[in-house]
Amino acid sequence: MTILVYDEIYKKHDTGLYHPENFLRIVNTVKYLKLTGTWQKLDIVKPRVATNEEIATVHSIYHREKIAELAGTGGGYVILILMFHPILTMQPYTLPVRHLRL
Amino acid sequence: MNNEANNAFCLIRPPGHHATPTRGMGFCLFNNVAVAAKYLQRKYHLDNIVIIDWDVHHGNGTQDTFYEDPSVLYFSLHRYPFYPGTGSKNETGAGKGVGSTINIPLAYDTTPKKYISIYEAILENDVKEFRPDFILISSGFDSYCLDPIGGLGLGISEYRVLTEITQKIANECCEGRIVSCLEGGYHLSDLPRCIEEHLNGLIN
């Protein structure tokens, strides 16, 4: 049996529809898999939230708290990054943080 | 690990492989796969974990996390030069971790045939020799040829081929244990089809 780990909460990370990493990536995938019948072949499992201790095995406490603080105040922007695009050469994207359960 | 399932795919977002221990970048906040690898090491005391990263971008955050760790083999194929700029061939690990990072930078015009043959060769040789107890996949689908911000010439069906090669190695080395986590992939109508091919490979 193959497990598919999924939670509706993944849709709530709101980056805005004009951001490439938006919630439609997940919404469209779920819809499509249900239509084709692949969803029904899988064991759908809802995950638990990672503990602070588990996150701390990789990330600094400062990093975790910084993101929790941003999410707690309704959202914000973590960092301005630059994506290299073959046509547009450099395209700025920001990484918004909203509605994260931390 | 408890034989309750053969393998798993995590349909998650945001992605994680660019997130370093101290900062989020490239749409990533927390490094999902890195946390999973640490969890497996702590909970099940696994000696050797392989992280395969076929996202079109180099997973700099995952590499940073395990750069000096000989118990985690990080293997990435990615478009290069490209965001985030890391992932050259000579980045192979440091200290005790020398040799446990494998970067295969690929030019934009790499054909699917060449991509698959390189992938298979690394898995058949380096990954097998490492004797993994568990395989994690950072499965980005932005090497798909029509991806709006990535693209490396792969077709939809190639994701099934990649999955089957990986499953074969996992069957030989670690009782088929694979957990795959979604990273990138931004073509809104074709991403689901790429994921389905990957799932079909896992289901079989």
B:Cys194 versus B:Phe141, closest heavy-atom pair with distance: CB-CD2, 3.6 Å
Contact class of B:Phe9 relative to chain A, heavy atoms under 4.5 angstrom: both
Proximity breakdown for B:Asn200 and chain A, heavy-atom pairs closer than 4.5 Å: side chain
Toward chain A, the part of B:Leu199 with a non-hydrogen atom under 4.5 Å: side chain
A:Asp43, part contacting chain B, at a heavy-atom distance under 4.5 Å: neither
Part of B:Ile195 lying under 4.5 Å from any heavy atom of chain A: side chain
Proximity breakdown for B:Thr65 and chain A, heavy-atom pairs closer than 4.5 Å: side chain
ring-ring contact (aromatic ring centres under 6.0 Å, His included) evaluation trace for B:Phe27 with B:His18: CA-CA 8 Å; B:Phe27 312 161; B:His18 295 306; 8.0 Å; no
Test item: B:Arg160 side-chain N/O and B:His198 main-chain N/O as donor-acceptor pair under 3.5 Å: no
Within 6.0 Å of CD in B:Glu164, more than 12 heavy atoms from elsewhere: yes
For chain A, the option from B:Thr22, B:Val179, B:Ile178 that forms the most heavy-atom pairs under 4.5 Å: B:Thr22
Donor-acceptor pair, side chain of B:Asn2 and main chain of B:Glu4, under 3.5 angstrom: no
Minimum heavy-atom distance between B:Asn103 and B:Thr101, given as atom pair plus value: ND2-CG2, 3.6 Å
When A:Asn22, A:Val27, A:Leu24, A:Val30 are compared by non-hydrogen pairs under 4.5 Å with chain B, the top option: A:Asn22
Engaged part of B:Arg193 at the chain A interface, taking heavy atoms whose separation is under 4.5 Å: both
A:Ile61 versus chain B, the contacting section by heavy-atom distance below 4.5 Å: neither
Near-ring test B:Phe82/B:His58, centroid separation under 6.0 angstrom: no
B:Tyr115 and B:Tyr119 aromatic ring geometry - parallel, tilted or perpendicular at 30°/60° bounds: parallel
Heavy-atom contact with chain A under 4.5 Å, split by part of B:Ser180: neither
Contact winner vs chain B - A:Lys41, A:Lys11, A:Arg25, A:Met1, heavy-atom pairs under 4.5 Å: A:Arg25
Toward chain A, the part of B:Leu182 with a non-hydrogen atom under 4.5 Å: side chain
Part of B:Ala19 within contact of chain A (heavy atom distance under 4.5 Å): both
Step-by-step salt bridge (Lys or Arg N to Asp or Glu O under 4.0 Å) determination, A:Glu54 to A:Arg48: CA-CA 12 Å; A:Glu54 285 161 354; A:Arg48 68 168 170 81; 2.7 Å; yes
